[in-house]
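Worksheet: one structure, shown below.
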Amino acid sequence: MDAVALTDIVKTFGRLRALDGLSLNIRAGTIYGILGSNGAGKTTMIRLIAGLLAADSGEARVLDDPPGRPAVLARTGYMPQTPALYEELTVHENVAFFAACYGRRDPAAADSAVEFVGLSDRSDSQVRTLSGGMRQRVSLACAIAHDPAILLLDEPTVGVDPALRVQLWGRFRDMAARGATILVSSHIMDEAERCDTLGLILNGRLLAEGSVAEIRARTGAADLEGAFLALAGSVDEPA
Amino acid sequence: MSPRSVRLIALRVIRQLRRDRRTVAMIFVVPIVMVVLLGFMLRAGEDKLTLLIAADDPAAQPIATLAAATLQSADLPSAIQIEPTESDAGYQRLRDGDAEGMLLLRPGADPRLVLEGTRAPATEALTRFAGQAALLLRATTAGPLPAGGPSPEIEREFIRAGPELDLVDGIAPAFITFFAYFFVFLLTSVAFLRERQQGTLERLMITPIRRLEIISGYMLGFGFFALLQAFVVVTVTILALQIHIFGNLLWVFLAVVLVTLGAVNLGILCSTFARNELQVVQFIPLVIVPQALLSGTFLPLGGMPDWIIWLSRAMPMTYAVEAVKAVMVGGSGISDLVVWRGMLALVLFAIFFILVSARTLRRA
Ligand SMILES: Nc1ncnc2c1ncn2[C@@H]1O[C@H](COP(=O)(O)OP(=O)(O)O)[C@@H](O)[C@H]1O
Ligand SMILES: [Mg+2]
């Protein structure tokens with residue numbers, strides 16, 4: 001079953017076609033990595049799935065409903081590209097607030113999300129006192145505290161140190177194993193290797209899709225970096 | 001000092017500002033609006049007072065008519081309009097706020113001045129005028145008015161408030177309402193701007209929380225602070241400025257709460273049109289000054305042209321100040337027209353702003 005299905009999605013900002021006929025499907029319970037350089041359309045696509053943007057044309061389905069339906073929203077977790085947090089509130093207050101907005105009023109839900117991102121010792125610190133990487137993790141905790149069925153992560157590990165990054169990916173795996181669908185955007189290639197399926201996007205279009213091995217095989221490149229460059233190079237830049 | 005460095009900075013400032021069209025527009029629009037409005041109001045703003053002339057005994061009514069005619073033709077140096085009336089009708093007009101004073105002629109005694117009472121400057125002007133008028137009438141009117149003798153003793157009667165009312169008493173109600181309005185507007189617009197800028201609003205919008213719940217939460221949260229502020233401001237004005245309160249403060253606080261509801265939503269609305277704190281600050285002269293000018297607190301609206309009256313009637317703060325003033329100075333309660341009409345108007349304005357601000361909180 002597909003947790004997310006996008007068909008021929010076009011989204012323009014003025015004259016710019018940020019998404020230009022994008023189609024892709026994400027199987028439930030898998031981790032889908034969306035790869036692309038800056039401005040490729042990753043954030044636009046994620047915001048569209050989250051229900052924050054409406055497509056100009058094309059069809060989007062999330063958990064079999066159009067994005068933005070209350071039933072879908074309640075089961076979606078969204079981590080924006082830049083941490084969206086209340087600076088004057090503590091880590092725990094932020095996480096508990098958003099969890100409660102989703103109807104999770106149990107403080108234990110917030111506790112375990114804070115623990116998930118390894119910030120239990122800073123739980124009572126105000127967010128304004130945290131470093132960039134820490135904020136990123138608080139923002140992640142806010143996205144997962146309500147146990148969403150679909151998790152949308154926009155470059156979640158930017159600024160997170162390598163050890164913790166490995167640990168977080170382990171946790172994403174666990175969540176997927178328990179049935180959650182995870183969409184992660186990234187421009188870090190080694191991170192992409194951990195996804196079940198990869199989609200490469202450029203100029204709002206899907207260039208290639210498949211498992212890491214498939215994509216490498218298709219391009220004959222030794223690593224993903226090379227594969228990506230090979231694929232991107234084979235497309236004519238629009239005038 | 002290198003001129004080149006100065007030029008460098010100046011050019012950058014100009015370039016940056018030119019890209020901020022809103023700010024550039026404000027630089028011209030705000031002063032134009034202010035200057036035109038203020039100019040018109042100051043020019044038209046000569047306070048027109050109405051003094052009724054009546055006799056306390058219906059049999060003596062012709063005397064009142066004669067006295068009014070005398071005063072009208074006497075060309076006394078004043079912008080006071082003289083009208084003869086019967087005493088019962090006169091009292092009614094004073095209660096309706098349709099006239100500021102009534103000179104009640106009494107056979108065989110000095111006239112008595114009945115005052116509406118809630119406007120200290122009007123009370124003062126009419127008291128002065130009544131003294132002159134009584135002297136004049138004594139010199140020109142025969143009959144029941146006593147001739148000669150000591151200068152007339154004018155006894156004053158107040159419909160509302162009283163002789164202790166001063167200028168500060170009249171302005172304090174406006175200050176209390178405007179503080180609540182101003183701070184709540186500023187707090188909400190900045191808080192909402194930050195919600196938008198830091199992305200938490202988007203985050204909130206895609207939780208199952210409803211728009212109206214977000215707005216109501218804001219109203220409740222800021223309403224709490226506005227009420228607290230009103231308590232402190234009212235207490236301090238009563239204690240430090242020793243203002244006189246003639247009515248029930250409960251209605252004052254109710255008005256403050258209603259003002260707050262409107263101000264929260266106006267703040268949400270304005271935050272949509274602001275990209276940064278500077279742009280929020282630019283809204284202040286637009287949302288505060290015209291309403292303050294048009295509220296009738298500093299410049300009485302009595303003699304203003306119709307379009308200014310209409311403009312004033314379109315502003316929520318006019319109703320708020322009017323109602324709070326009626327309570328504090330006039331001793332009115334919720335059953336009085338100005339008060340309940342004011343509250344009703346504030347409720348309607350609040351509903352209007354809630355609907356409009358809810359529209360700005362769209363997902364996609
Ligand atoms: N709100 C917006 N208004 C105008 N252009 C936008 C907006 N959001 C994104 N874009 C443009 O759309 C394109 C794709 O942006 P984005 O989805 O953020 O890329 P990515 O996340 O892959 O770096 C970029 O060229 C960007 O400038
Ligand atoms: Mg992005």
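Below, read A as the first sequence line, B as the second, and so on, with proteins coming before strands; counting in each chain starts at 1. We use all heavy atoms of the structure for the numbers below, so side chains are in, but hydrogens, waters and symmetry mates are not.
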Using non-hydrogen atoms only, which part of [X] is less than 4.5 Å away from chain B: side chain, backbone, both, or neither?
X        : value
A/Ala143 : both
A/Gln81  : neither
A/Pro83  : backbone
A/Thr76  : neither

Review point. Given that the side chain runs from C-beta out, which part of B/Glu195 has a heavy atom under 4.5 Å from chain A: side chain, backbone, both or neither?
Key: side chain
Exercise for review: Rounded to the nearest 0.5 Å, what's the gap from CG on B/Leu201 to CG on A/Leu52? Could you check?
Suggested key: 9.5 Å
Exercise for review: Mind checking the SG-CE spacing from A/Cys101 to B/Met205? Nearest 0.5 Å is all I need.
Suggested key: 12.0 Å
Surrounding [atom1] of [X] (heavy atoms of other residues, nucleotides or ligands, distance under 6.0 Å), is the total greater than 12?
X        : atom1 : value
A/Phe13  : CZ    : yes
B/Phe175 : CZ    : no
B/Arg359 : CZ    : no
A/Arg27  : CZ    : no
A/Arg75  : CZ    : no

Taking side chain as C-beta onward, heavy atoms only, is [X] less than 4.5 Å from [Y]?
X        : Y       : value
B/Arg210 : A/Pro70 : no
B/Thr200 : A/Phe98 : yes
B/Leu204 : A/Phe97 : yes

Point to revise | Sidechain-backbone polar pair: B/Arg203 side chain, A/Pro80 backbone, donor-acceptor under 3.5 Å | key: no
**Study point:** Stepwise side-chain contact (heavy atoms from CB on, under 4.5 Å) check, B/Arg194 with A/Tyr86
**Key:** CA-CA 9 Å; B/Arg194 291 180 57 197; A/Tyr86 296 101; over 6 Å; no
Check your understanding: For A/Tyr78 and B/Glu202, does a side-chain donor sit closer than 3.5 Å to a side-chain acceptor?
Key -> no
